[in-house]
Number of protein chains: 2
Amino acid sequence: MRIGELSRRSGVPVPTIKFYVREGLLPAGRLTSPNQASYDDGHERRLRLIRALLDVGGLPLAAIGEVLRVMEDPEQPLFDVLGAAAKSIAPSRGGDPGSELEDAREDVAELLKRKGWLCEAGSPGGESLAEVLVALRRAGHGSFVELLDDYAAAAEEVARADLDYVGRRVAREDLVEGVVVGTVLGEAMFAALRRLAHVDASARAFGEEARG
Amino acid sequence: MRIGELSRRSGVPVPTIKFYVREGLLPAGRLTSPNQASYDDGHERRLRLIRALLDVGGLPLAAIGEVLRVMEDPEQPLFDVLGAAAKSIAPSRGGDPGSELEDAREDVAELLKRKGWLCEAGSPGGESLAEVLVALRRAGHGSFVELLDDYAAAAEEVARADLDYVGRRVAREDLVEGVVVGTVLGEAMFAALRRLAHVDASARAFGEEARG
DNA sequence: GCTATCCGATAGTGGAACTATCTAGGATGG
DNA sequence: CCATCCTAGATAGTTCCACTATCGGATAGC
């Protein structure tokens, strides 16, 4: 197919497709003549993945590029694919390190020990968590961390479900994509469900009269 | 205190504070003379909240402004504060509505019925969820929705914990802030925990050798 | 009086994600 | 074989967002 059809099928404008090719997010089409190229289903699939990660996952294009590069490389151990997906999500906010972050990192390490989780506190997730704890304290809501254990228990459940999902895939390509999609879109899915659960929980707690 | 000290205490540059005042995110200081103003702890607190929502929550300033406006208005029912916080998070992506979204909305309605949740499918959370389902299907990972029920169960747990947290607050101001912080930063906290849980779960499933 | 700081206003910056335009060439129906 | 539309590749421009810089006065505190 030519770029016009790819655009029609995927819903992405032609100039945007060209832009993604320039940015290295999408492989160029196979040239059939100096100014004519053909695209296949792989391009369409890739394009849909990019849009999903961008629109729903909210990842910046640069992060999407990194994830795709790791995904594509068959040399990369699967473990690193998961790591890359996780790392790309982290907004990587900068700020003065300070002792607050140190304290938070210790809290994270304690949590991991308490739960017996097999991961280091220095991993991307651990760093993100420490940053969240710092932000909570700086915003005057340090007591929110009391919910850490409840949250962790729920996260464990979700992670089990996620792993079950990717475990069902056989081809490496599918598996890798499953990890990425699961990590990124799963986050959005859970966030939406959590908001719905909030509505339900507060309707039950405060009663229907709170709506009027 | 004057703006310089506010800046030092909060870690936000003076021009940025002025910018936030211009944008209506932060009330102006109390003028003590035509070109001199004084700021108090409330300003500092507000500033920390803005930075937390911006840096960790990733909310755009416009959304933060809306949330703050709802928070400040004592006329607003608490229920709406939660709604505003939830709505602001939704990335509000636009695209052709299509029948895909209709189908997804039905799936959401079915889920709510199945779980017996007291909320309408048309709420912000429901719309977000429907959009995620559409994105999953468009990306060729429609089977990921099989995890919906597991995710929903975990979301229920988290929501219970959240409500417990805000329920402990007495003053309306604190309560409202608790809702906002809980909604926004709680999401980031859970996301980080989920990534840690992924590492743990895959370490257990694939064994330690997967690291090398 | 002197220097650091401040107020308010206006204009400029840099990054992200496109979008527009242009040239030169190819595809295709009649 | 010609008119019309499509295409590749290149360059430049746009929009939005979150700041950041600069300026002309005025004030604080010694």
Side-chain angles (χ1 to χ4, degrees), chain A residues 1-40 43 46-47 49-68 88-89 91-95, chain B residues 1-40 43 46-47 49-68 88-89 91-95:
Chain A
M1 92 186 92
R2 294 191 291 168
I3 203 171
E5 193 181 343
L6 179 60
S7 167
R8 241 167 290 119
R9 282 211 217 175
S10 63
V12 179
V14 170
T16 303
I17 296 175
K18 289 185 176 183
F19 171 69
Y20 289 165
V21 172
R22 279 201 303 281
E23 296 289 294
L25 298 177
L26 190 68
R30 188 174 45 83
L31 278 178
T32 58
S33 66
N35 64 344
Q36 214 70 189
S38 85
Y39 302 81
D40 58 20
H43 288 98
R46 166 63 59 93
L47 210 39
L49 178 60
I50 292 172
R51 296 309 301 206
L53 297 180
L54 181 70
D55 294 340
V56 178
L59 295 200
L61 289 183
I64 294 175
E66 281 172 48
V67 171
L68 294 177
S88 302
I89 295 174
S92 104
R93 30 195 164 278
Chain B
M1 98 186 91
R2 293 192 292 168
I3 203 171
E5 194 182 342
L6 179 61
S7 167
R8 243 166 287 122
R9 284 212 217 175
S10 64
V12 179
V14 171
T16 303
I17 295 175
K18 288 184 179 184
F19 171 69
Y20 289 165
V21 171
R22 279 202 301 282
E23 297 288 296
L25 299 176
L26 190 67
R30 189 176 43 83
L31 279 179
T32 58
S33 68
N35 65 343
Q36 212 71 194
S38 87
Y39 301 82
D40 58 21
H43 288 97
R46 165 63 59 93
L47 209 40
L49 178 60
I50 292 171
R51 295 310 299 207
L53 297 179
L54 182 70
D55 294 340
V56 178
L59 296 200
L61 289 184
I64 295 175
E66 280 172 48
V67 171
L68 294 177
S88 304
I89 294 174
S92 103
R93 30 195 165 280

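Nothing here was measured: the structure is a model prediction, and the numbers come from that model. Each chain gets a letter, A, B and so on, in the order its sequence line appears, and its residues count up from 1.
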5′-ward residue of the pair B:Thr32/B:Leu54 relative to DNA chain D: B:Leu54
Check: A:Arg30 and A:Thr32 side chains under 4.5 Å, non-hydrogen atoms: yes
Under 3.5 Å: donor-acceptor pair, side chain of A:Asp55, backbone of A:Gly58: no
Interatomic distance where CD1 belongs to B:Ile3 and C1' belongs to C:dA4 [whole Å]: 15 Å
N or O in side chain of A:Tyr20 less than 4.0 angstrom from C:dA17 OP1/OP2: no
Reported CG-to-OH distance for the pair A:Leu25 and A:Tyr20, which is rounded to 0.5 angstrom: 7.5 Å
A:Pro13, nearest nucleotide to its side chain (from C:dT19, D:dA8, D:dT27): C:dT19
Distance, rounded to the nearest Å, where A:Asp55 contributes CG and C:dA17 contributes P: 11 Å
Nucleotide C:dG8, atom P - distance to CG of B:Leu26 in whole Å: 12 Å
d(CZ, A:Arg30; P, D:dG9) in whole Å: 13 Å
side-chain N/O B:Tyr39 vs C:dC7 OP1/OP2, d < 4.0 Å: yes
A:Thr16 side chain near C:dT19 phosphate (N/O to OP1/OP2, under 4.0 Å): yes
Integer-rounded Å distance: D:dT7 C1' and A:Phe19 CZ: 20 Å
Whichever of A:Ala28 and B:Pro15 has its nearest DNA chain D nucleotide further upstream toward 5': A:Ala28
Polar side-chain contact B:Arg22-D:dT20 base: donor and acceptor under 3.5 Å: yes
Short side-chain donor-acceptor distance under 3.5 Å, A:Arg9 and A:Tyr39: no
d(NZ, A:Lys18; P, D:dT7) in whole Å: 9 Å
B:Leu49 and B:Leu68, any side-chain heavy atoms less than 4.5 Å apart: yes
Distance in angstrom units between B:Asn35 CG and D:dG24 C1', rounded: 11 Å
Nucleotide of C:dG26, D:dG9, D:dC19 approaching A:Leu31 most closely (side-chain heavy atoms): D:dG9
Length of the CD-P vector between B:Glu23 and C:dA9, whole Å: 14 Å
